[in-house]
Structures are given as C-alpha cells and as structure tokens.
Amino acid sequence: MDMWYSKHSPVFETKNSKSIIHPFIVKGHRGLTINPYQGCQHRCGYCYATYEWSPEFYDKIYAKSNAAEILESQLKSWKSDTIEPVMVSSATDAYQPAELKYGLTHKCIEVLQKYNVPYYVFTKSTLIERDLKIHQEYKENCFLVWSITTCDQKIRRLMEPGTPPAYSMFKVIKKFADAGVSCGVNIDPILPFITDSQSHIQEIIDCCHDAGVRYVFGALLRLRSDIWERVKIILKLLDIENGIDEYKNAIYQFREPLKSWYNVAANKSYETKVLHNLKEKVLQKGMIFDFPDLIGTRRLNSNKSYNGGRQVMLMSYI
Ligand code: SF4
C-alpha cells in the first residue's frame, strides 16, 4: 500500500503521452478528462486515484511534458460535431505544486479556450490564483470547483498533509467569485466520525457563503481496500474511539479483508442523514446544492459546432 504520509519530497519525472484527452465513464455517464500530471503531491489519505498500478502515486510525479501539444492535435482532429465539457483533472490535482515547475495545466487551459471547449477544474490548490485572469476571461464557459473536506487544521495536516489550509483556499475562491467566475465547493469525501459532524459541515458552509461560492455539493467517503488501510490509520491517530468497529459494523457494514476490487458505500440511512443535513445548511445560506451544467453555443475553432449536445453533469461523477 502506498503511504500518504511522508517527510520526503516527491521525485519529478517528465514523460511524453500519446494521448491526453480521454473518455471518462463514471456510473454509466460519459464525459472527457485531461490529466497533465500523474501522481499527486497533495497526499490525501482517502484519495481514490491511488490504484495498484500507480504504487508511487504520492512519491513520484510524472509531468506529461507534451500535454498541451497533444491536446491541441487531438482537438484539431476531433471526429464528432459535439464535445462534452472537459474535467481538469480526474486522477490528479492539475494545480498541485508541480504546476509551478512545469506550467502544463496553464498551457492546456489555453488550448481548451482556443478551441472553445467548456471545462471544469477540480482542485484543492491555491496556486490556481496565478491563472485567475485566464479563467476570468472564459467565465461563461468554465466552472471551478474546490474540493474542501475540513477547516480543522489538525485533521487536515494528518489526513491531507500536502494541501493548503481551507482558509487559504477560501481567500483564493473569494478572488475568483469577486471576478465573476462560477465557483463551487465539493465537500468530498465526508468521513464518518472525522468530518461529518453538524459543526464541522457548518464551518465549511459558512466559509463558502462568505467567499461568494454559489454551488455546494458533497459526497460520503467510499471505501476500497487500500483506502480502508489508510483510513484505519487516520482513525487511530485521531484517537476516535471505536471508529474502526463503527466503520465495519455500522456505517459501511463489511468484513475484512476487503477484496481489492470492492468499492463500499456507506449505508443508505447514514448517507441520507448526512447529505440531508448538508443540503439544508447550503439552502439556508441561499446557495445552490448542485453544480451547473456548462451549456455552450460556441463553435470549435476547427469549425465544428459545439451545440451543448448531450451535456454531462458534474453530479454524474460524484
Ligand atoms: S488532491 Fe485529489 S488527486 Fe491529489 S491526493 Fe488529494 S484526492 Fe488524490
């Protein structure tokens, strides 16, 4: 199992990719995604992208140095008349610290804009502030989402030690919101007994409201064998009494060992309770418990019309 906690800096390597824009299917919904990097320095213990085939996920960061060129060539030869919004990124954070060194996400965003492709950015970063101007100039056709799990510094440092503190992220979000860019916060994952309390959620919602966030959504942690091993350590380090037993016997209801291909969701009644609580708090603050569709009427510069086609909603992915 890849350990998320380490005092060592990651190793960086560059590589060339044959293709960068890929279909992305989650829960039967199709979309597109680009990942300019492989691996992630944000080191979240609950990360879903840490598959067996990427054992050095946290410790070795690959920069796909030809990402922008490949993206442009794929868009130039796009075979369909329609294109779905592109998710930047699905298996890494496109604005992790490596972006300072390589600038690949910035270049890819320029290409997406050149071809009038709508996009969503998902990040936990403050580095995205560097690109405020280019996203602002494209604000009708992009949507930025910060994944924020906690305002509690102790929990953050333990659970996602490579991420910036929530208060820094909210400062940056406010700048984007003030600049008229659509901003969302995805409280995902919500971890039972760690970040699911009413007060915990309320603190994030209050910060969202103060920062000018319009859209908020969230989801509960799903367990996989490697994620479970890391979450067990987090529960122990946070000294959560009976936490491991409660996960196994009450919230997720499974027996160990978890098979590597199993993906376990929290039980329905617990999930409904937590998400209902979240929704109520979001609505009380006058925000929207959802994400917007990116419906465009622009044309690709290759003269292929983009008519909104069959839009893929962000909610499809979470
Ligand atoms: S920021 Fe996203 S991709 Fe990076 S470690 Fe955290 S959950 Fe994984």
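The chain is numbered in sequence order, starting from 1. In each ligand, atom 1 is the first atom listed, and ligand 1 is the first ligand listed.
- Side-chain contact between I83 and L32 is present, with heavy atoms from C-beta onward closer than 4.5 Å.
- Geometric assessment of K259 against the ring of Y262 yields a positive cation-pi assignment under the 6.0 Å and 45° thresholds.
- Within a 6.0 Å radius of NZ in K133, no more than 12 heavy atoms belonging to other residues, nucleotides or ligands are found.
- A heavy-atom cutoff of 4.0 Å around ligand 1 is satisfied by the protein residues C40, H42, R43, C44, C47, T92, D93, K124.
- Chaining together hydrophobic side chains whose heavy atoms lie under 4.5 Å apart leaves Y167 on its own.
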For this session: Would you sort out whether K171 and E129 count as a salt bridge (charged side-chain N to carboxylate O under 4.0 Å, His left out), showing the intermediate values?
Result: CA-CA 10 Å; K171 269 191 199 161; E129 186 181 352; over 6 Å; no
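- Inspection of the N277 and K281 side chains reveals an N or O donor paired with an N or O acceptor under 3.5 Å.
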